[in-house]
Amino acid sequence: MTAESAERAQQHYDPRDVQEKWQQRWAGMDLFRASDDPADQRPRTYLLDMFPYPSGDLHMGHAEAYAIADAIARYYFHRGDNVLHPIGWDAFGLPAENAAIRNNTHPADWTYANIETQAASFRRYAVSFDWSRRLQTCDPEYYRWNQWLFLRFYERGLAYRKDGYVNWCPVDQTVLANEQVIAGRCERCGSEVVRRMLTQWYFKITEYADRLLADMEPLADKWPDPVLLMQRNWIGRSQGAEIRFPVEGLQEPVTVFTTRPDTLFGATFFVVAADSPLAAEICAPERQAALEEYLTGVRKLTDIERQAADRPKTGVFLGRHAINPGTGEPIPVWASDYVLPDYGTGAIMAVPAHDQRDLDFARAHDLPVRVVVETGEPDPAETGVATPGDGELINSGPLDGLGKAEAIARITGILAADGNGRAAVSYRLRDWLVSRQRFWGTPIPIVYCDACGEMPVPEEQLPVVLPDLRGQDLAPRGVSPLAAATDWVNTECPKCGGHALRDTDTMDTFVDSSWYFLRYCSPHYTGGPFDEAAVRRWAPVDLYVGGVEHAILHLLYSRFFVKVLHDMGTLDFTEPFTRLLNQGQVVNQGRAMSKSLGNGVDLGEQLAVYGVDAIRLTMIFASPPEDDVDWADVNPDAQVKFLGRVWRVSADVGSAAAAGAAEAGAPDGGAAGAGSAAVAGGEGAGHGDVALRRVTHRTIEEVTRLVEVARLNVAVARMMELVSATRKAIDSGPGPADPAVREAAETLVVLLSLFAPYTAEECWELLGHEPSVAQAVWPVADPELLVQERVTCVVQVAGKVRDRLEVPPGISEAELRELALAAPGAVRALAGREPQRVIVRPPRLVNIVPA
RNA sequence: GCGGGCGUGGCGGAAUUGGCAUACGCGGCAGGUUUAGGUCCUGCUGGUGGCAACACCGUGGGGGUUCGAGUCCCCCCGCCCGCACCA
């Protein structure tokens with residue numbers, strides 16, 4: 001250790017000390033602005049973090065997500081790409097409204113105040129955003145395009161209104177989309193959802209079900225498997241058949257959907273959804289009272305009760321029979337709540353022998369069970385266990401003797417020929433209910449004219465701006481607060497000029513987030529939601545980073561929007577996000593942080609204690625990006641220490657250069673002043689200690705690879721190894737003035753700048769460079785330095801390591817075999833036995849199998 | 001119930017995708033520097049036996065494929081996630 005570094009070792013580097021200085025210096029530098037210049041030939045990269053909801057200040061979860069995305073964004077900046085890395089706020093939503101009621105203010109007050117807080121925190125957190133593209137979805141300049149898009153959907157028949165049972169949250173006093181009901185509870189407040197009949201707006205996402213499914217194919221390696229699987233399951237494509245059953249008293253047959261048309265001959269009764277119009281229609285007059293009574297009981301149930309797994313199957317006989325088109329037999333028609341009104345056709349053929357639900361119902365109501373597939377399992381009528389498996393068809397007329405697949409094909413053909421049915425596909429996916437009875441959202445741009453009826457608001461009248469409501473005006477009362485704003489609600493019909501009323505609902509906020517990534521391409525564009533040329537330039541998003549909680553909702557809706565916009569001819573691609581990265585959560589003691597558990601960790605406090613760089617590094621180093629980070633298991637002090645080691649290396653190299661310059665009266669060769677200095681490599685001889693150079697260049701190679709595949713925790717580990725090697729070279733090797741040591745330090749600092757921008761910038765300056773290190777060129781590994789001189793070859797005997805050899809990497813098989821057989825450890829382990837077989841895998845391994 | 005994922009030291013995690021298990025870090029133990037503590041620098045640190053060289057065991061458990069398995073296949077156990085009467 002030199003005297004100087006011994007002295008420096010006494011200094012303790014505190015990463016917090018340099019934050020203020022660099023934050024100010026960077027403020028004037030505009031380092032991360034994306035260029036829209038068409039002449040700009042750099043490769044373009046669009047990197048996006050899921051935009052935050054402004055619920056308060058940034059929290060630990062944001063700190064992890066943005067540390068990950070920022071590291072990757074900074075990497076592309078260093079590579080010389082024209083990078084689009086924007087930020088905005090998902091600013092509409094219920095919490096703002098609740099805060100406004102509580103504080104007797106306008107939701108905008110709370111929203112914009114929180115946005116400013118978060119914006120300041122993002123700057124302190126040193127995220128490489130292009131701030132010129134900032135957007136907020138609650139700005140009229142933004143939400144007018146929600147309305148514009150709604151009208152385009154409307155024109156195309158993709159936005160429509162219908163009556164239906166909807167999920168109603170009694171606490172938030174609003175309708176919820178299917179996707180927002182989690183296990184029968186409101187996604188937001190957790191209260192039990194009830195069913196309610198309302199007239200609401202829907203987006204016809206089901207029309208895109210097949211494409212949403214098919215277009216996942218090319219995403220296979222680019223999106224996490226669980227997300228693709230969840231989407232696939234959510235869409236829930238089922239292949240089967242529609243079969244028409246004539247029903248007593250009805251002119252038209254009633255169609256059912258089934259995935260098992262082969263079991264038609266076993267259909268011994270028929271069930272319709274009790275709360276569908278069909279039930280009332282079929283019901284015989286003398287049974288109407290019974291049906292009413294049953295329905296009253298059913299409607300009292302919450303979804304939680306309805307979905308209880310082991311709930312007995314209830315129902316009511318409707319006094320009518322249907323004709324099984326297979327057997328020609330009359331079968332009784334029942335109504336039950338186990339048949340869903342909004343899946344398939346709301347009616348089923350019940351095959352109790354081969355469907356557990358139908359069997360449960362049959363046993364509860366004493367209905368016949370007829371086995372039509374011989375599966376080899378015991379009789380369902382006796383065991384109470386249905387046999388859904390494959391087998392030989394029996395009791396099935398023309399299907400007898402066939403297997404399941406053949407029987408399905410045969411019966412589908414017969415039904416089609418007779419006009420009694422056809423092959424069909426059904427989806428679990430329902431249309432997207434977009435109406436919300438809340439204030440802080442985008443008004444639906446529809447008016448209802450006394451004379452003309454439902455009328456879209458003309459484009460030139462957009463945006464339909466929210467009225468100025470605040471405080472108690474916003475209190476939930478079962479209808480939208482907008483209904484109380486009479487001046488706003490009463491309007492003119494755009495067609496006849498007569499009296500009309502505005503739609504008083506607002507749009508689901510997921511509409512806002514379904515296209516914001518397109519808006520970033522031209523955030524100030526006034527001719528439409530986005531400038532098509534700008535979108536062609538940037539979109540689709542190359543890498544999208546966000547939590548897995550959006551695996552279905554947001555991502556499915558965005559995919560849908562992009563397909564619709566594609567069909568409208570405004571986009572030339574059909575998928576919004578080329579690659580998706582789901583980062584894990586930050587938890588504490590194994591559990592999600594929450595107020596009720598009292599295990600919350602405050603990001604601001606963590607930053608105050610350890611500084612931005614150490615927290616960012618802690619997030620990155622703790623685990624792979626997609627895994628959770630348990631804050632109870634990490635120690636940011638370790639990262640403070642690591643940052644100090646990098647700083648001391650940089651300081652040692654920097655002051656050695658200064659001393660050398662003073663002595664020689666000339667600047668040190670490596671200390672190029674420009675911010676864009678090329679770091680590694682260079683020409684000619686005399687680059688210093690080769691061993692260290694090998695470490696440096698191997699580190700460049702590995703870190704580059706690791707960042708590209710987002711294995712950021714390992715990338716940091718490799719950098720730590722380079723620090724140790726450089727430290728050793730300074731203390732007990734060629735010393736701080738060696739060019740290889742400078743090369744190592746400069747490399748290290750550029751790599752580090754992805755994760756710890758403040759410390760990296762400070763070190764860059766210590767090394768004699770102008771800011772900003774963010775503009776330094778990413779180092780390139782010299783292939784010659786990646787080739788090792790000697791590699792360790794493992795010599796195994798019977799699969800166990802018995803010796804090691806240092807060999808040249810190009811060693812021949814024969815030569816290595818010879819060396820291995822002579823290796824002392826191998827000779828000892830063989831103990832005189834003859835090798836029966838020798839597996840040689842040069843240059844890494846030899847396995848000797850003794851006789 | 002259906003679908004999927006994951007189990008590696010005291011802890012977080014690594015392992016070029018079938019080839020040295022435990023990189024890197026935390027924690028622990030020791031040494032150096034220091035008036036001392038902290039800082040800083042260095043070394044050791046899976047288990048058992050042994051003074052040691054070394055041997056045996058070892059990636060949730062059991063079996064299999066292979067010259068060779070943390071990695072592939074089958075069964076079981078445990079934890080986590082998604083869906084949940086979708087016909």
Would you say [X] places a side-chain N or O within less than 4.0 Å of OP1 or OP2 belonging to [N]?
X         : N      : result
Ser238(A) : A87(B) : yes
Tyr343(A) : A87(B) : yes
Arg705(A) : U16(B) : no
Arg711(A) : A15(B) : yes
Arg727(A) : U42(B) : no
Lys728(A) : G43(B) : yes
Asn713(A) : A14(B) : yes
Lys800(A) : G58(B) : no
Arg802(A) : A55(B) : yes

Whole angstroms only, please: what is the [atom1]-[atom2] distance between [X] and [N]?
X         : N      : atom1 : atom2 : result
Trp234(A) : G3(B)  : CH2   : P     : 19 Å
Met720(A) : A14(B) : CE    : P     : 14 Å
Asp14(A)  : C40(B) : CG    : P     : 12 Å
Glu702(A) : A23(B) : CD    : P     : 15 Å
Asn582(A) : G82(B) : CG    : P     : 13 Å
Tyr427(A) : A87(B) : OH    : P     : 13 Å
Asp630(A) : C79(B) : CG    : C1'   : 15 Å
Asp637(A) : G27(B) : CG    : P     : 8 Å

> Which nucleotide sits closest to the side chain of Lys641(A): C40(B), G13(B), A87(B)?
Replying inline: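 For Lys641(A), the side-chain atoms sit closest to C40(B).
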> Can you tell which of A23(B), C11(B), C85(B) lies closest to the side chain of Asp633(A)?
Replying inline: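 So the nucleotide nearest the side chain must be C11(B).
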Mind checking the [atom1] distance from [N] to [M]? Whole angstroms is fine.
N      : M      : atom1 : value
A21(B) : G68(B) : P     : 15 Å
A14(B) : G37(B) : P     : 37 Å
G5(B)  : C11(B) : P     : 26 Å

Regarding [X], tell me which of base, sugar-phosphate or nothing describes its non-hydrogen contacts under 4.0 Å with the strands shown.
X         : value
Arg718(A) : base
Gln836(A) : nothing
Leu229(A) : sugar-phosphate
Val714(A) : sugar-phosphate

> Can you check G9(B) for me, syn or anti if syn means within 90° of 0?
Replying inline: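 Syn.
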> Any idea if U17(B) is syn or anti, going by the 90°-from-0 cut?
Replying inline: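 U17(B): syn.
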> Any side-chain donor paired with an acceptor under 3.5 Å for Thr792(A) and Arg844(A)?
Replying inline: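 Their side chains do not contain a donor-acceptor pair, so the 3.5 Å distance test is not met.
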> Do Thr387(A) and His354(A) meet the criterion of a side-chain donor-acceptor pair at a distance under 3.5 Å?
Replying inline: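 Note: Thr387(A) and His354(A) side chains meet the donor-acceptor criterion.
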Under 4.0 Å between a Lys/Arg side-chain N and an Asp/Glu carboxylate O for [X] and [Y]?
X         : Y         : answer
Asp637(A) : Lys641(A) : no
Glu708(A) : Arg705(A) : no
Arg428(A) : Asp342(A) : no

For the side chain of [X] and the base of [N], is some donor closer than 3.5 Å to an acceptor across the two?
X         : N      : answer
Asn635(A) : C26(B) : no
Arg841(A) : G19(B) : yes
Arg837(A) : C67(B) : no

> Between His365(A) and Trp334(A), what is the ring plane arrangement, given parallel below 30°, perpendicular above 60°, and tilted in between?
Replying inline: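 His365(A) vs Trp334(A) ring planes: tilted.
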> Within 45° of the ring axis of Tyr338(A) and under 6.0 Å from its six-membered ring centre, is that where the NZ or CZ of Lys313(A) lies?
Replying inline: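 Positive - Lys313(A) is close enough to the ring of Tyr338(A) and near enough to its axis.
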